[in-house]
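Report on the following structure.
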Amino acid sequence: YPTWKRTLTRRAREAQMKRFCKAQAIQRRLEEIEVTFQELEQQGIKLEKLLRDEDRTLADQKTQWMNQLLYLVQKKNGLMSEESDLMIQVQELKLEEQQWQLDQKLRCYMNREESLKTPEDCVAEQEILGQLLDVVNKRNVLIHLQEEKRLSEL
């Protein structure tokens, strides 16, 4: 087994492990965001009840509750934006993994000698190449989406 093949295999495993760890971190963060959403929802419900039920409350107290409610809404919007970013990252990781798998299949076909390839092999190679281009285009769309989102937030 030549050294360059071992090196490629090792790098592929490292990249796959890196994607796996990143996916786990994203999943944990999404779960944390879900818990925070629920907590913010409960706090918002309490504040809304206080604002509606207390007719005799001082205006200063109502203003303070209203400011707390607005703060909760801002925090929730920030979490929703972060969740959206994470979902885009998940899609990107899936496409990255898919691209890697297609790349491996394509390498198998391309490493064969042309004289040994059957017509079916040539068709399969072209199909894989088309799928690979499709995945690259999808990743490109995600990158543009992230860039537009980043620019709109500025």
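For the pair Gln131/Val135, no side-chain contact is recorded, criterion being any heavy-atom separation below 4.5 Å from C-beta on. For the pair Gln98 and Leu95, the minimum side-chain heavy-atom distance is below 4.5 Å. You'll find the side chain of Lys5 stays beyond 4.5 Å of the side chain of Leu8, heavy atoms only. Within the 4.5 Å cutoff, no side-chain heavy atoms of Phe37 are placed close to those of Glu41. The closest side-chain heavy-atom distance from Thr3 to Arg6 is below 4.5 Å. Annotation: side chain of Gln38 is in contact with side chain of Glu34 (closest heavy-atom distance under 4.5 Å).
Across every non-hydrogen atom of Ile128 and Leu106, the tightest pair is CG2-CB, 3.8 Å. When every heavy atom of Glu92 is checked against every heavy atom of Leu142, the shortest pair comes out as N-CD1, 3.6 Å. In terms of heavy-atom proximity, Ile26 sits nearest to Gln89 at CD1-OE1, 3.4 Å.
Checked by atom type and distance alone, the side chain of Lys149 pairs as donor or acceptor with a backbone atom of Ser81 at under 3.5 Å. Using a distance-only test at 3.5 Å, with no hydrogens or angles considered, a donor-acceptor pair links the side chain of Asp121 to the main chain of Thr118. Between the side chain of Lys117 and the backbone N or O of Tyr109 there is at least one donor-acceptor pair closer than 3.5 Å. Remark: side-chain polar atoms of Asn140 are not paired, donor with acceptor, to backbone N or O of Val136 under 3.5 angstrom. Checked by atom type and distance alone, the side chain of Asp103 never pairs as donor or acceptor with a backbone atom of Gln99 at under 3.5 Å.
Hydrophobic clustering keeps Leu132 apart from Trp100 (ILVMFWY residues linked when any side-chain heavy atoms are closer than 4.5 Å, directly or through intermediates). Leu102 and Met110 fall within the same hydrophobic cluster, defined by Ile, Leu, Val, Met, Phe, Trp and Tyr side-chain heavy atoms under 4.5 Å apart, directly or through other members. In the hydrophobic clustering of this structure, Leu40 groups with Ile33; members are Ile, Leu, Val, Met, Phe, Trp, Tyr whose side-chain heavy atoms approach within less than 4.5 Å, directly or through other members. Linking Ile, Leu, Val, Met, Phe, Trp and Tyr residues whenever their side-chain heavy atoms come within less than 4.5 Å places Met87 and Leu93 in a single cluster.
Of the inter-residue distances, the one linking Trp65 atom CH2 with Leu51 atom CG reads 6.5 Å to the nearest 0.5 angstrom. Annotation: the span from Asn77 atom CG to Leu72 atom CG amounts to 11.0 Å, rounded to 0.5 Å. To the nearest 0.5 Å, atoms CG (Leu50) and CE (Met66) are separated by 11.5 Å.
Taking the charged nitrogens against the carboxylate oxygens, Glu32 and Arg29 do have a contact shorter than 4.0 Å, which makes a salt bridge. Look at Glu48 and Arg52 and you find a salt bridge, because one of the NZ, NE, NH1 or NH2 atoms lies within 4.0 Å of a carboxylate O, short of that distance. The residues Lys105 and Glu125 are annotated as not salt-bridged, no charged nitrogen and carboxylate oxygen being separated by less than 4.0 angstrom. A salt bridge links Glu147 to Arg150: at least one charged side-chain nitrogen sits closer than 4.0 Å to a carboxylate oxygen.
Few gaps surround CZ on Arg10; more than 12 heavy atoms of other groups in view lie less than 6.0 Å from it.
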message = If you apply the rule side chain to side chain contact (heavy atoms under 4.5 Å, CB included), what do you find for Gln64 with Gln68, and how did you get there?
response = CA-CA 6 Å; Gln64 184 181 3; Gln68 287 176 350; 4.0 Å; yes

